[in-house]
Enquirer: 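First the structure, then my questions, so here it is.
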Amino acid sequence: MSLNAQPVLTILALVPCGKVVSYGQLADLAGLPGKARWVGQVLQRQDTTQLPWHRVVASDGRLSLAKGSEGWQEQRQRLQAEGIILRGDRVPMAQYRWQPDLAALLMLMEY
DNA sequence: GTGATGACAACCC
DNA sequence: AGGGTTGCCATCA
């Protein structure tokens, strides 16, 4: 049986504007520790047009798309549009990493 | 079953 | 900072 991407998509939808999460962090929050790469596959396959897909970056703050590619540029632009200031080609994770608050955690327990 | 692939991550020079 | 290595794991050919 293949894994269910729903939890990942559900949690991604909770990431607030101006904040980002890493693939591994998203996997952890979805109750799938160690499946960071799989999260990447999900974002690539699913229709993310209604989700904040651009708020998912690598653990070191880089955008996991070919540097200079179309998608890379769009993600970069979207992040900046939310007030995120990139340093070089990276997002300063210490400053912008999303830390779910109590309210968010309670929401996660609902589904 | 097996090997290759990738929108990952943690190390180690 | 930049580059290479290793571990990881679902998919797919």
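In what follows, chains carry the letters A, B, and so on, assigned in the order in which the sequence lines appear, proteins first and then strands, with residues in each chain numbered from 1. The analysis underlying the following values was restricted to heavy atoms, covering all of them including side chains, and did not include hydrogens, waters or symmetry mates.
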Enquirer: Whole Å only: how far is the CG atom of Leu32(A) from the P atom of dC8(C)?
Expert: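 To the nearest whole Å, that distance equals 17 Å.
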
Enquirer: Please state how far atom CZ in Arg45(A) lies from atom P in dC8(B), giving the value in whole angstrom units.
Expert: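 These atoms are roughly 12 Å apart.
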
Enquirer: Mind calculating the distance between CD (Gln73(A)) and C1' (dA7(B)) to the nearest angstrom?
Expert: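 Rounded to the whole Å, the gap is 16 Å.
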
Enquirer: Of the candidate nucleotides dA10(B), dA7(B), dA10(C), which contains the atom at the shortest distance from the side chain of Leu43(A)?
Expert: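 Looking only at side-chain atoms, Leu43(A) lies closest to dA7(B).
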
Enquirer: If I take atom CG in residue Leu3(A) and atom C1' in nucleotide dC8(C), what distance separates them, rounded to the nearest angstrom?
Expert: 14 Å

Enquirer: Can you tell whether the side chains of Glu82(A) and Lys19(A) come within less than 4.0 Å, N to carboxylate O?
Expert: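 Salt bridge absent between Glu82(A) and Lys19(A).
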
Enquirer: Looking only at heavy atoms, which two atoms of Tyr96(A) and Gly83(A) are closest? And how far apart?
Expert: OH-O, 3.8 Å

Enquirer: Of all heavy-atom pairs between Arg78(A) and Trp53(A), which one has the smallest distance, and what is that distance?
Expert: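 Shortest heavy-atom separation between Arg78(A) and Trp53(A) comes out as NH1-NE1, 3.5 Å.
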
Enquirer: Quick one: does any side-chain atom of Gln95(A) pair with a main-chain N or O of Ile84(A) as donor and acceptor, under 3.5 Å?
Expert: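 No; zero donor-acceptor contacts below 3.5 Å.
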
Enquirer: Identify the residue among Lys67(A), Arg76(A), Arg62(A) that makes a salt bridge (Lys or Arg N to Asp or Glu O under 4.0 Å) with Asp89(A).
Expert: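 For Asp89(A), the salt bridge (Lys or Arg N to Asp or Glu O under 4.0 Å) check succeeds only for Lys67(A).
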
Enquirer: Rounded to whole Å, how long is the line connecting atom CD of Gln41(A) with atom C1' of dC12(C)?
Expert: 10 Å

Enquirer: Could you give the NZ-to-P distance, from Lys35(A) to dT11(C), as a whole number of Å?
Expert: 10 Å

Enquirer: Decide whether Leu32(A) and Leu12(A) are clustered together by the hydrophobic rule: side chain heavy atoms of Ile, Leu, Val, Met, Phe, Trp, Tyr closer than 4.5 Å, transitively.
Expert: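 Yes.
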
Enquirer: Looking for any heavy atom pair under 4.0 Å, which part of the strands does Trp72(A) touch: base, sugar-phosphate only, or nothing?
Expert: nothing

Enquirer: When you check the phosphate oxygens OP1 and OP2 of dA7(B), does a side-chain N or O of Ser64(A) lie under 4.0 Å from one of them?
Expert: no

Enquirer: To the nearest Å, give me how far apart CG (Asp60(A)) and P (dC11(B)) are.
Expert: 13 Å

Enquirer: In which stems does DNA chain C show up, taking only runs of three or more Watson-Crick or G-U wobble pairs whose two distances fall under 3.5 Å?
Expert: B:2-6 with C:9-13, B:8-13 with C:2-7

Enquirer: Measuring to OP1 and OP2 of dA9(B), would you say a side-chain N or O of Ser22(A) lies under 4.0 angstrom away?
Expert: yes

Enquirer: Rounding to an integer number of Å, can you tell me how far Arg62(A) CZ sits from dG6(B) C1'?
Expert: 14 Å

Enquirer: Are Arg37(A) and Gln41(A) close enough, and set up right, to give a side chain to side chain donor-acceptor pair (under 3.5 Å), and what steps lead you there?
Expert: CA-CA 7 Å; Arg37(A) 304 191 73 152; Gln41(A) 293 181 53; over 6 Å; no

Enquirer: Would you indicate which nucleotide in dG7(C), dA7(B), dT11(C) comes nearest to any side-chain atom of Trp38(A)?
Expert: dT11(C)

Enquirer: Are OP1 or OP2 of dA1(C) and a side-chain N or O of Arg90(A) less than 4.0 angstrom apart?
Expert: yes

Enquirer: Please state whether the phosphate of dA10(C), meaning OP1 or OP2, lies under 4.0 angstrom from any side-chain nitrogen or oxygen of Ser2(A).
Expert: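 Indeed not, no polar side-chain atom of Ser2(A) lies that close.
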
